[in-house]
Amino acid sequence: RIERELFPNQGIFLARGDKSGLEFVIKEYKRSSKRFEREVVINRILSAEEHQNVLLTTEFIEKKDKRYGVLPYLPLGSLSDLNYRMISPEQAATIVVGLCGGIEHLHEHNIIHRDIKNGNLLLETAENDYSEQPQVLEMLSKGKITTKIIDFDCAYHLKVKPLEMEGSTVGTPLYMAPQAWCGIVDYRNDIYSAGIVIYHLLTGRFPFFGRNITELKAAHLTIPVPEPMQFNQAIDRSMYNLLRTALEKNTKNRFQSAS
């Protein structure tokens with residue numbers, strides 16, 4: 001039975017099994033049947049070899065013109081729910097290792113996620129008490145939190161029919177690589193998006209922004225990465241070099257793998 005809507009007007013609900021009592025998430029696919037079909041195929045491909053940093057949909061349901069996906073409920077939520085201004089490099093490392101491990105797993109299966117962002121990265125812990133923010137940050141410091149990549153309705157795979165016209169853009173603008181803005185599909189776009197996530201974790205801000213979509217695109221395509229040390233003095237030069245390489249405009253100069 002459905003207990004409440006987790007995110008207003010997004011078709012994502014918290015539900016509980018009548019017999020098991022277990023909580024789970026129901027996601028309604030409103031916009032496009034193609035997105036539902038893509039999610040089904042990508043999940044089928046990935047289910048052959050599960051990975052600790054990838055969270056798959058456990059069940060798909062079609063009822064007349066309604067389409068749903070069922071996922072495990074993780075109470076910690078996503079990185080977007082993590083209430084912080086910035087976190088330390090040591091705390092970020094726990095998230096980064098899982099994020100990169102999950103992306104590498106996708107790429108090994110010839111899947112490009114194309115929408116790596118805070119909201120698509122869930123946090124899981126085996127700890128019993130995670131209700132207070134300081135405890136979450138402490139668990140990050142101790143490496144007791146696992147990052148899980150979700151949502152594959154925008155993912156690209158050669159076996160899946162294209163979701164969009166050739167040359168069109170897919171992704172979330174704040175996280176999109178220069179190539180993604182130009183409609184180019186490249187696995188290194190995921191690495192760029194991961195760099196945006198890491199930058200935001202460490203500084204509490206995005207490296208590129210604009211007053212409108214045109215300015216934001218121009219920033220991604222032309223503006224150098226602002227030095228993160230000016231926002232978080234705990235960041236050293238080696239961490240800055242890592243971010244700068246992940247966020248290279250030219251894919252040849254970017255990290256060639258998430259590992």
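One-based numbering along the sequence shown.
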Against Phe60, only a single residue in Phe152, Tyr68, Phe36 fulfils ring pair (Phe, Tyr, Trp, His ring centres under 6.0 Å); can you say which? Phe36

Sequence-distant partners of Lys249, side-chain hydrogen bond (donor to acceptor under 3.5 Å, both in side chains), two or more places apart: none

Verdict with supporting geometry, Leu106 and Ile112, side-chain contact (heavy atoms from CB on, under 4.5 Å): CA-CA 7 Å; Leu106 298 181; Ile112 305 172; over 6 Å; no

On a heavy-atom basis, which atom in Ile191 and which in Ser257 lie closest, and how many Å separate them? CD1-C, 3.6 Å

Asn110 vs Ile45, test: side-chain contact (heavy atoms from CB on, under 4.5 Å). Steps then yes/no. CA-CA 10 Å; Asn110 300 312; Ile45 293 169; over 6 Å; no

With rounding to the nearest 0.5 angstrom, report the CG to CD1 distance, Leu201 to Ile95. 4.5 Å

Keeping the roles fixed (side chain from Glu104, backbone from Ala258), state whether a donor-acceptor pair exists under 3.5 Å. yes

Point-to-point distance, once rounded to the nearest 0.5 Å, from OG1 of Thr57 to CD of Glu39: 4.5 Å

So among Gln179, Gln256, His107, which one has a side chain to side chain donor-acceptor pair (under 3.5 Å) with Arg188? Gln256

Measure the OG-NE2 distance between Ser259 and His105 for me, rounded to the nearest 0.5 Å. 14.0 Å

Between Asn43 and Val40, is there a donor-acceptor pair closer than 3.5 Å when you use the side chain of the first and the backbone of the second? no

Checking the side chain of His113 only, and the main-chain atoms of Asp151 only, is there a donor and an acceptor separated by less than 3.5 Å? yes

Donor-acceptor under 3.5 Å (Thr172 side chain, Asp115 main chain): no

Tell me if a side-chain donor or acceptor on Arg67 pairs with a main-chain N or O of Tyr29 at a distance below 3.5 Å. no

Do Tyr156 and Tyr187 have ring centroids that are under 6.0 Å from one another? no

May I ask you to check whether over 12 heavy atoms, not counting those of Gln230, lie within 6.0 Å of atom CD? yes

To the nearest 0.5 Å, how far apart are CD1 in Ile149 and CD1 in Ile103? 5.0 Å

Checking His200 side chain against Lys117 main chain: does a donor-acceptor pair fall under 3.5 Å? no

Is the closest side-chain heavy-atom distance between Thr147 and Val97 below 4.5 Å? no

Side chains of Ile116 and Leu99, heavy atoms from C-beta outward: is any pair under 4.5 Å? yes

Okay, side chain of Thr58, backbone of Val70: is any donor-acceptor separation there less than 3.5 Å? yes

Minimal non-hydrogen separation, Pro72 against Leu55, with atom names: CG-CD1, 3.9 Å

Heavy-atom donor-acceptor pair, Asn53 side chain to Gly101 backbone, under 3.5 Å: no

Looking only at heavy atoms, what is the nearest atom pair of Leu76 and Leu123, with distance? CB-O, 3.4 Å

Begin with the C-alpha distance, continue with both residues' side-chain angles, and end with the deciding distance and a verdict on side-chain contact (heavy atoms from CB on, under 4.5 Å) for Arg237 and Met229. CA-CA 8 Å; Arg237 180 59 58 172; Met229 295 86 79; 3.6 Å; yes

Less than 4.5 Å apart, any side-chain heavy atom of Ser78 and any of Leu122? yes

Which pair of heavy atoms, one from Leu247 and one from Pro207, lies closest together, and at what distance? CD1-CG, 4.4 Å

Quick one: pull up CE in Met139 and OG1 in Thr94 and give me the separation to the nearest 0.5 Å. 11.0 Å

Checking ring pair (Phe, Tyr, Trp, His ring centres under 6.0 Å) against His220, which of Phe206, Tyr192, Phe209 comes through? Tyr192

With heavy-atom distances below 4.5 Å as the criterion, would you say the side chains of Lys148 and Leu74 are in contact? yes

Please name the pair of heavy atoms, one in Pro226 and one in Phe231, separated by the smallest distance, quoted to 0.1 Å. CB-CE1, 4.4 Å

Thinking salt bridges, do Asp153 and Lys27 make one under a 4.0 Å N-O criterion? yes

Apply side-chain contact (heavy atoms from CB on, under 4.5 Å) to the pair Val197 and Asn118, showing each step before the final yes or no. CA-CA 6 Å; Val197 170; Asn118 290 357; 3.5 Å; yes

Any side-chain heavy-atom pair of Pro89 and Leu202 under 4.5 Å: yes

With a 4.5 Å limit on heavy-atom distance, are the side chains of Leu216 and Met176 in contact? no

Please round to the nearest 0.5 Å and tell me the distance separating atom OH of Tyr240 and atom OH of Tyr199. 8.5 Å

On a heavy-atom basis, which atom in Ser193 and which in Tyr175 lie closest, and how many Å separate them? OG-O, 2.8 Å

